[in-house]
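Data block below; observations after.
What you see is a predicted model, and the numbers here were worked out from it, not measured in a lab. Counting begins at 1 with the first residue of the sequence. Side chains included, hydrogens not; waters and symmetry mates left out as well; all remaining heavy atoms used.
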Amino acid sequence: MDKVFIYWDNSNILHEAQRLAEEHNGTPGARYLIRIDFEAMLRLAHADRPVHSAIAAGSVPPEMRQLWNRLESRGVEVRLYDRGDPYRGEQDVPDRILQVRMLEDLADHIDDPGIAVLLIGDGAGYLEGTGFHSTLERMHTRGWRIEILSWAHATNQRMRRWAQENGLFVALDDFYDSVTFREPSRPGHEFAVGRDSAPLDLSTRQMS
């Protein structure tokens, strides 16, 4: 069975989940309570296939440390950055971290390509020969199978069409209740009821 390489931009995934939260919950402010179920998202990415390596890029608020620790305990390499750095754009750092690792894996596995699973929604930079889309094309031409997991509304449409024609696009929207949960409102500020994540059903998850 082919091995899976996971590249995960958690900031992008979380921010776009927040955009969907109010729509799904129908309550203003629900976006501030939505959270990603890390374990469910990780399982959706590998879909019970052998994982060769996994890297996740995200920010460093203290409240996230326990969640990052849980990912690390599952064998995921976590690379954190400071969102408050005035010299770097919020997406610049995770994009570069993940793209460098993708190119390293491409170089290190010339004779044994695997399955690249990208959790992201951005395909910027394609026309300039940069960005995730361009990197995925390089991997694909060298025998890698490609899977993109992203929120449908957030994905660069050019990259989505390419994935559908050359690999696989998995809309996270179809698994929204399983890969997210909602914290309850603070006492005295009730506007959304808490919700646990639903069991993850992989029977509807396509494979490349």
Side-chain angles (χ1 to χ4, degrees), residues 4-47 54-59 61 64 67-68 71 76 81 83 89-95 97-99 102 115-126 131-136 146-183 192 195-208:
V4 172
F5 295 71
I6 298 172
Y7 311 96
W8 179 351
D9 179 357
N10 184 68
S11 295
N12 181 281
I13 295 294
L14 175 59
H15 291 170
E16 300 305 333
Q18 290 174 329
R19 293 190 185 188
L20 287 176
E22 291 182 3
E23 175 183 331
H24 277 256
N25 191 64
T27 306
R31 63 179 294 122
Y32 301 109
L33 302 177
I34 204 69
R35 300 291 183 269
I36 300 297
D37 185 323
F38 280 15
E39 294 184 21
M41 187 70 78
L42 180 62
R43 187 177 178 221
L44 181 63
H46 63 63
I55 179 171
S59 57
M64 293 285 290
L67 297 176
W68 290 127
L71 264 187
V76 178
Y81 66 98
R83 286 188 301 183
E90 186 169 343
Q91 279 305 112
D92 182 58
V93 176
D95 283 6
I97 289 172
L98 297 179
Q99 287 180 66
M102 292 165 74
I115 304 170
V117 180
L118 180 65
L119 282 79
I120 191 68
D122 186 8
Y126 175 72
F132 287 113
H133 187 167
S134 179
T135 304
L136 289 173
I146 305 299
E147 298 179 2
I148 297 176
L149 279 63
S150 182
W151 305 108
H153 73 277
T155 312
N156 177 279
Q157 291 305 301
R158 184 193 297 269
M159 188 170 72
R160 176 173 177 170
R161 287 193 300 270
W162 179 86
Q164 291 170 327
E165 293 170 0
N166 298 279
L168 181 66
F169 177 80
V170 176
L172 293 176
D173 310 58
D174 297 337
F175 301 92
Y176 177 83
D177 288 336
S178 297
V179 298
T180 68
F181 64 94
R182 189 171 54 244
E183 293 187 342
R195 172 183 64 79
D196 293 333
S197 54
L200 177 63
D201 179 8
L202 289 176
S203 65
T204 59
R205 203 280 203 197
Q206 292 179 296
M207 304 289 184
S208 62

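We find the CD1-CD1 distance between I115 and I146 to be 10.0 Å, quoted to the nearest 0.5 Å. Atom CG of D9 is separated from atom CG of D95 by 6.0 Å, given to the nearest 0.5 angstrom. One finds the CG atom of N10 at 10.0 Å from the CD1 atom of I120 (value rounded to the nearest 0.5 Å). Atoms CG and CE, on L202 and M207 in that order, are 6.0 Å from each other to the nearest 0.5 Å. The distance from the OG1 atom of T135 to the CE atom of M102 is 5.5 Å, given to the nearest 0.5 Å. Atom CG in L149 sits 8.5 Å away from atom CG in L118 (nearest 0.5 Å).
Across all their heavy atoms, W8 and F38 have their closest contact at CH2-O, 3.6 Å. The shortest non-hydrogen separation linking S178 to P199 is OG-O, 3.0 Å. Nearest heavy atom pair, residue N156 against residue M159, reads OD1-N, 3.0 Å. Heavy atoms only, all atoms of each residue included: S150 and D173 are closest at O-OD1, 4.1 Å. Contact record, L71 with A56: CD1-CB, 4.2 Å, taken as the closest heavy-atom pair. Scanning all heavy atoms of the two residues, the minimum distance from S208 to L168 falls at N-CD2, 3.6 Å.
Between V117 and H46 the shortest side-chain heavy-atom distance does not fall below 4.5 Å. Within the 4.5 Å cutoff, side-chain heavy atoms of I36 are placed close to those of I13. In this structure, I55 and I6 have side chains that are not in contact, with every pair of non-hydrogen atoms separated by 4.5 Å or more. T180 places none of its side-chain heavy atoms less than 4.5 Å from the side chain of D37. Side-chain contact check for L119 versus L172: every heavy-atom pair is 4.5 Å or farther apart. Taking the side chain as every heavy atom from C-beta outward, M41 and F175 never approach each other to under 4.5 Å.
Using a distance-only test at 3.5 Å, with no hydrogens or angles considered, a donor-acceptor pair links the side chain of Q157 to the main chain of T155.
Residues that satisfy the side-chain contact (heavy atoms from CB on, under 4.5 Å) test with A163, not counting sequence neighbours, are I148, F169. Partners of D177 according to the side-chain contact (heavy atoms from CB on, under 4.5 Å) rule, which considers only residues two or more places apart in sequence or in another chain, are R195, A198. Remark: E39 pairs with R70, R74 by the side-chain hydrogen bond (donor to acceptor under 3.5 Å, both in side chains) rule, at least two apart or across chains. Residues passing the side-chain hydrogen bond (donor to acceptor under 3.5 Å, both in side chains) test with R161, sequence neighbours excluded: none. Scored by the side-chain hydrogen bond (donor to acceptor under 3.5 Å, both in side chains) test, D201 finds S203 as partners (sequence neighbours excluded). In this structure E16 satisfies the side-chain hydrogen bond (donor to acceptor under 3.5 Å, both in side chains) test together with R19, H153, sequence neighbours excluded. R160 pairs by the salt bridge (charged side-chain N to carboxylate O under 4.0 Å, His left out) definition with nothing, not counting sequence neighbours. Under the ring-ring contact (aromatic ring centres under 6.0 Å, His included) criterion, Y7 pairs with no residue at all, not counting sequence neighbours. With sequence neighbours excluded, the residues forming a side-chain contact (heavy atoms from CB on, under 4.5 Å) with R35 are F181, E183, listed by chain and number.
Under the 30°/60° scheme for interplanar angles, the aromatic rings of W162 and H133 are found to be tilted.
Taking a 6.0 Å sphere around CD of Q206, one finds it holds 12 or fewer heavy atoms contributed by other residues, nucleotides or ligands.
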Applying side chain to side chain contact (heavy atoms under 4.5 Å, CB included) to R43 and R205, what does each step give before you reach the verdict? CA-CA 11 Å; R43 187 177 178 221; R205 203 280 203 197; over 6 Å; no
